[in-house]
Each structure stands twice: as structure tokens, then as C-alpha cells.
Amino acid sequence: MTVSTAAVAVRDLTVDYRSVRALAGVTFQLDPGVTGLLGPNGAGKTTLLRTLATAAPPGGGDLHVLGHDPRTPQGRLAVRRSLGYLPQDPGFHPSFTAFEFVDYVAILKEMTDRAARHREVQRVLDAVGLPERRGKKIKQLSGGMRQRVALAAALVGDPQFLILDEPTVGLDPEQRLHFRELIADLGAGRTVLLSTHQTEDVAALCHRVIVLDHGTVKFDGEPPALAAVAADRVWASTARDPRALAGWRTGAGTVRNIGTPPPGAPLLEPTLEDGYLLLLDATAQREPTR
């Protein structure tokens, strides 16, 4: 494979777990900016993130991250030195303080100069808005603050590729807004891959979205194009239409239906979530039962 100039280049990537194919010929490229990764549970998202982060080995196909091949020991080391990874479960030691946890990650990233390392730890804690919480133990912090600590750890060393796995899960609306601000700023000048179930986060933050299902890419494009999948297929009614794929009563008292509208139905502007739901439904109808 010719090495791409893209920050991340994936071609025909496959990963198998025993008899299960978790990724089946995934192909895409990533450039600077925030890309959203959507998909249902079991779609292969976590497998893909772990493979990109060198936490799991790739199977078949080709993969280059920041110009390095993670199949080789030298390539894996080079990727890890330039990577920031926020997993769904950061593996906190509850008795560590925020500073101690981030400092531990900095040590793992081979920062051996103690004074320089501590300056970097303070820098990333400041960047995520936790300068006053550096001495607090992890177990004493709120869920939102713990997520900020985990993000600070991912930012150690100013990585050029940042992988975020469900960073806003479990956060209240105010905390999610703060995280959106942080992620939007991080996407300026670096490559960010944001895996989430929150379609509104993708709509608010991402210039591009990839939908993964059954280990394959079902959509790769701009968020408005995904919303357009539901064009002329969202309508309002006074009661849930039994022909609708999904329908729910809104705060205004009307029902929002998604599917194939009856003739003359009042159509509504589709959202990214509408397009995503219809895309998954179309995929399910095309694929044979396993």
C-alpha cells in the first residue's frame, strides 16, 4: 500500500475474534478536524478504536496512523508517542489525585524529566479546566470532572491524533456542553475521532460522520448528507402512525413519525438522528439474518 498523506489511512481492515468477524473490510481516511463515529452496540466501533490506538492488533488489510505502520514494533511505538486515547473506561485508581493520575500517564509516555513532566501535567489540567482540582482524589470528583481528568491524560504530549470513546456518556447537559467546547477546540489543527451514541454531539461538533454497522462502513460523509437520508420520510400526526418505523410524541403534543409517510402527510425537516435510524433500518433489511 502506498503510504497516504492523510493522518489516518485504513484500507480493507479486518479483525476477527475467534469465529466472529468484528471488522469486515473497513476503509476510510481521516484528516484534521473532528470526525464522528456512529453505530449500534456490536457494530465494531470499540474494536476499530482499539486497533487504531494499537491496543489490539489489526488482522487483514492496511493501516497507517500518522505515517506509521502499527504492525511493526517501531511503528506501534511511534504511533503511541503521537496518540491521545480516551477509552470508555479510563481505569482510574480511585486513591490517585487528579495530578497523580495524569502524571502516571505522562511517565508511561516516556517523559522522564520530572520538572518538564510536571509542567506538562499542569498544562493539560489547565486546558481541561481543572487547575484547582489537581490535588483532589479521583474518588472525590464528580463524573464530569473525572472525564476531564481522563481527557487531560489523553492530551499529554500534545498528540496529533486523538481518539475519544463515548466521552460524554453519563454527563449532565451542562457538563456535555463544556465537553463539546473542549472537543471543538481540540479539533482545530489536529485529528479527532469521536465515537458516540449521541447523534446531537455529532451534529454539533463534527465536520464528517462515519456510520459503522456489522463491521462495515455504511456511510461516510458530512452530517447534512446523513440527515438527507431521511428527506421526505419524517412527518407529523396526531397519533403514532402504525406504518412508521419509529414515532414519538413531542413536547408540542404532535407525534413525529419516521418511515414512509402516507399521501398528503405534513412533512418535517429531517435531523441527523432521523437519517441514522433509517440508514440502519435499510441496512438491516438488506442483510441476511445471522
Side-chain angles (χ1 to χ4, degrees), residues 28 33-46 88 143-144 147 164-184 187 192-290:
F28 63 86
V34 184
T35 298
L37 179 64
L38 291 173
N41 291 330
K45 300 192 306 299
T46 297
Q88 220 173 334
Q147 284 292 79
L164 307 176
D165 191 359
E166 298 286 354
T168 63
V169 67
L171 302 185
D172 63 36
E174 183 178 4
Q175 291 170 335
R176 285 179 59 202
L177 287 176
H178 285 313
F179 252 78
R180 283 183 188 176
E181 292 176 351
L182 287 170
I183 294 168
V192 180
L193 182 59
L194 169 66
S195 176
T196 180
H197 284 97
Q198 306 291 339
T199 54
E200 59 266 40
D201 285 346
V202 174
L205 287 169
C206 301
H207 75 287
R208 178 178 165 206
V209 56
I210 295 171
V211 178
L212 199 66
D213 191 21
H214 290 88
T216 62
V217 173
K218 303 301 182 184
F219 178 89
D220 183 355
E222 297 180 351
L226 180 54
V229 170
D232 299 328
R233 299 192 64 189
V234 185
W235 72 99
S237 62
T238 56
R240 190 190 188 285
D241 193 316
R243 294 165 293 188
L245 169 67
W248 58 92
R249 189 167 297 280
T250 68
T254 59
V255 174
R256 184 183 183 89
N257 300 281
I258 304 173
T260 302
L267 298 178
L268 301 175
E269 187 72 21
T271 65
L272 185 144
E273 182 177 49
D274 298 331
Y276 171 64
L277 290 173
L278 284 170
L279 178 73
L280 293 184
D281 180 63
T283 298
Q285 291 184 30
R286 286 195 303 267
E287 293 184 346
T289 303
R290 297 188 177 186

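Remember, it's a predicted structure, so these values are computed and weren't measured experimentally. Residue numbers start at 1 and run along the sequence shown.
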So, for [X] and [Y], which heavy atoms are closest and what is the spacing to 0.1 Å?
X: W235; Y: A265; result: CD1-CB, 3.7 Å
X: G36; Y: C206; result: N-SG, 3.4 Å
X: P270; Y: D274; result: CA-OD2, 3.5 Å
X: V217; Y: I210; result: CG1-CG2, 4.1 Å
X: L272; Y: A227; result: N-CB, 3.7 Å
X: P40; Y: L212; result: CD-O, 3.6 Å

- [ ] Might you work through the side-chain contact (heavy atoms from CB on, under 4.5 Å) test for L194 and L37, ending with a clear yes or no?
- [x] CA-CA 6 Å; L194 169 66; L37 179 64; over 6 Å; no
TODO: Run the numbers on L268 and R256 for side-chain contact (heavy atoms from CB on, under 4.5 Å), then give the verdict.
DONE: CA-CA 8 Å; L268 301 175; R256 184 183 183 89; 3.6 Å; yes
Nearest 0.5 angstrom please: [X] [atom1] to [Y] [atom2], how far?
X: F219; Y: L226; atom1: CZ; atom2: CG; value: 4.5 Å
X: L38; Y: Y276; atom1: CG; atom2: OH; value: 5.5 Å
X: L278; Y: I258; atom1: CG; atom2: CD1; value: 6.0 Å
X: T168; Y: E200; atom1: OG1; atom2: CD; value: 8.0 Å
X: L245; Y: D281; atom1: CG; atom2: CG; value: 4.5 Å
X: R249; Y: S237; atom1: CZ; atom2: OG; value: 8.0 Å

- [ ] For A184, enumerate each residue passing the side chain to side chain contact (heavy atoms under 4.5 Å, CB included) test, keeping only those at least two apart in sequence or located in another chain.
- [x] L205
- [ ] Give the C-alpha distance, both sets of side-chain angles, the deciding distance and a yes or no for salt bridge (Lys or Arg N to Asp or Glu O under 4.0 Å) between D165 and K45.
- [x] CA-CA 9 Å; D165 191 359; K45 300 192 306 299; over 6 Å; no
Going by heavy atoms in the side chains, are [X] and [Y] under 4.5 Å from each other?
X: D241; Y: V255; value: no
X: L279; Y: K218; value: yes
X: D232; Y: P261; value: no
X: E174; Y: F179; value: no
X: Q175; Y: Q147; value: no
X: R243; Y: P262; value: yes
X: R176; Y: Q198; value: yes
X: N41; Y: H197; value: yes

Open item on the list: Could you check whether atom CD of E222 has more than 12 heavy atoms from other residues, nucleotides or ligands sitting under 6.0 Å from it?
Closed with: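 No - once you tally the heavy atoms of other residues, nucleotides and ligands closer than 6.0 Å, there are 12 at most.
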Task: Full working for side-chain contact (heavy atoms from CB on, under 4.5 Å) between D201 and R180 - done: CA-CA 7 Å; D201 285 346; R180 283 183 188 176; 2.7 Å; yes
- [ ] Give the intermediate values and the outcome of side-chain contact (heavy atoms from CB on, under 4.5 Å) for residues H207 and T35.
- [x] CA-CA 6 Å; H207 75 287; T35 298; 3.7 Å; yes
